[in-house]
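Working notes for the structure below.
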Amino acid sequence: MAAALLHSCDSMVVAMLLFGLLLATFQITGANTGVCYGLLGNNLPPPHEVIDLYKHNNIPRMRIYAPVPEVLQALGGSNIELMVGVANEDLYNLATNMGTAYAWVQNNIRNYPTVNFRYIAVGNEINPPAWEANYLLGAMKNIHQAISESGLGNQIKVSTPFSAAVLGESYPPSKGSFRPDFGSFIKPIISFLADTGAPFFLNMYPYFSYIGNTQYISLEYALFTSPGIVVRDGQFGYQNIFDAILDAGYSALEKAGGGSLEIVVTETGWPTAGGTATTIENARTYNRNLLRHVKGGTPKRPGKPIQTYIFAMFNENNKNPELEKHWGIFYPNKQSVYQIEFSPN
């Protein structure tokens, strides 16, 4: 029944959505950076005010972690390019029931024809032995099938965000590889991404690399402020750990048969309080330099902008521990925590 409902929808809906996607893509060509919009706070502004804040600050891309109807309604007609998440707890039903996948796409994608959907992030940071790992690829395949049968497979790509913990080795970058015990889990996902032309999603935080190894990693190397090469790896030189982690990811993909894949950095940022080196100035320095840096590439993949999402739009007071409350570039009252400039062009 779900399949029949999906196939019988008015073709005008598809046409409107396709037009919106093409128009938005034309308008934001060259815009590589977005901001993650989390909702784990009891004092956040309503979604329509958040959308206005994105537009006022020239933030062209947004990541949300679940298809919240109020947010999707507010996004309609905005041309903000959207990555929408599928909750981890939904993976079992999506993987085991195709009708559930059709319904998810109908309710959360097709019912919003003026929203500029670009990516669907199925789950978030799922690794074995978590039970969700058994259903992740199945859920991705079913969502992709439902999207493709809607005629939107070329515009909306399906992937899943991994944390840097999937890397068993990352130094030097050319030695990058996935954890051996994750091979049977991650290689079929990489094959799926290659087959569907979708990118590899990676949440990566130089902040955590720095505080976990301050004896060997300098703050300058983490904040993009090193005056020269810090790590020499064959023909490549690295002045910042962001590039080093990203190229370790590319090396791992090459070893796992995913050399054709692009990595999209689906989360990165720097906290302003609650832990080591958590100052407003460090956060401003990191994100300001990040915005400049991602316009180019990495030593291993030069010349192409790096699609990147800053975490996060707001400080979220319902998160724990304390460090997790302080990643926002805005306070809940919509005032800037620090000034950084986005450019859509």
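These numbers come from the heavy atoms of this one structure, side chains and all, not from hydrogens, waters or symmetry mates.
- Among Tyr286, Trp270, Phe224, Tyr210, the one residue that satisfies the ring-ring contact (aromatic ring centres under 6.0 Å, His included) test with Phe242 is Phe224.
- Of the possible polar contacts, one joining the Lys255 side chain to the Gly176 backbone as a donor-acceptor pair under 3.5 Å is found.
- In summary, the aromatic rings of Phe200 and Phe162 are positioned with their centroids under 6.0 Å apart.
- Side-chain atoms of Asn42 and Asn317 include a donor-acceptor pair closer than 3.5 Å.
- Residues Glu267 and Tyr205 bring a donor and an acceptor atom of their side chains to less than 3.5 Å of each other.
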- [ ] Give the C-alpha distance, both sets of side-chain angles, the deciding distance and a yes or no for salt bridge (Lys or Arg N to Asp or Glu O under 4.0 Å) between Glu169 and Lys175.
- [x] CA-CA 7 Å; Glu169 190 171 355; Lys175 298 290 187 181; over 6 Å; no
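- A donor-acceptor pair shorter than 3.5 Å cannot be found between the side chains of Arg288 and Gln339.
- For the side chain to side chain contact (heavy atoms under 4.5 Å, CB included) with Ser150, the qualifying choice from Gln155, Gln145, Arg110 is Arg110, the only one to do so.
- Under the 3.5 Å distance criterion, the side-chain polar atoms of Asp233 are left unmatched by any main-chain donor or acceptor of Phe236.
- Aromatic pair Trp327/Phe208: centroids less than 6.0 angstrom apart.
- Between the side chain of Lys325 and the backbone N or O of Lys319 there is at least one donor-acceptor pair closer than 3.5 Å.
- Centroid-to-centroid, the aromatic rings of Tyr112 and Phe117 stay 6.0 Å apart or farther.
- Judged purely by atom type and a 3.5 angstrom limit, Asn213 has no side-chain atom pairing as donor or acceptor with the backbone of Ser209.
- Within the cation-pi definition used here (under 6.0 Å to the ring centroid, within 45° of the axis), Arg301 qualifies as a partner of Tyr250.
- A donor-acceptor contact under 3.5 angstrom links the side chains of Asp247 and Tyr238, judged on distance only.
- Ion pair Glu262/Lys157 not flagged as a salt bridge, since none of the NZ, NE, NH1 or NH2 atoms sits closer than 4.0 Å to an Asp/Glu carboxylate oxygen.
- Residues Asn142 and Tyr102 have side chains that never bring a donor and an acceptor to within less than 3.5 angstrom of each other.
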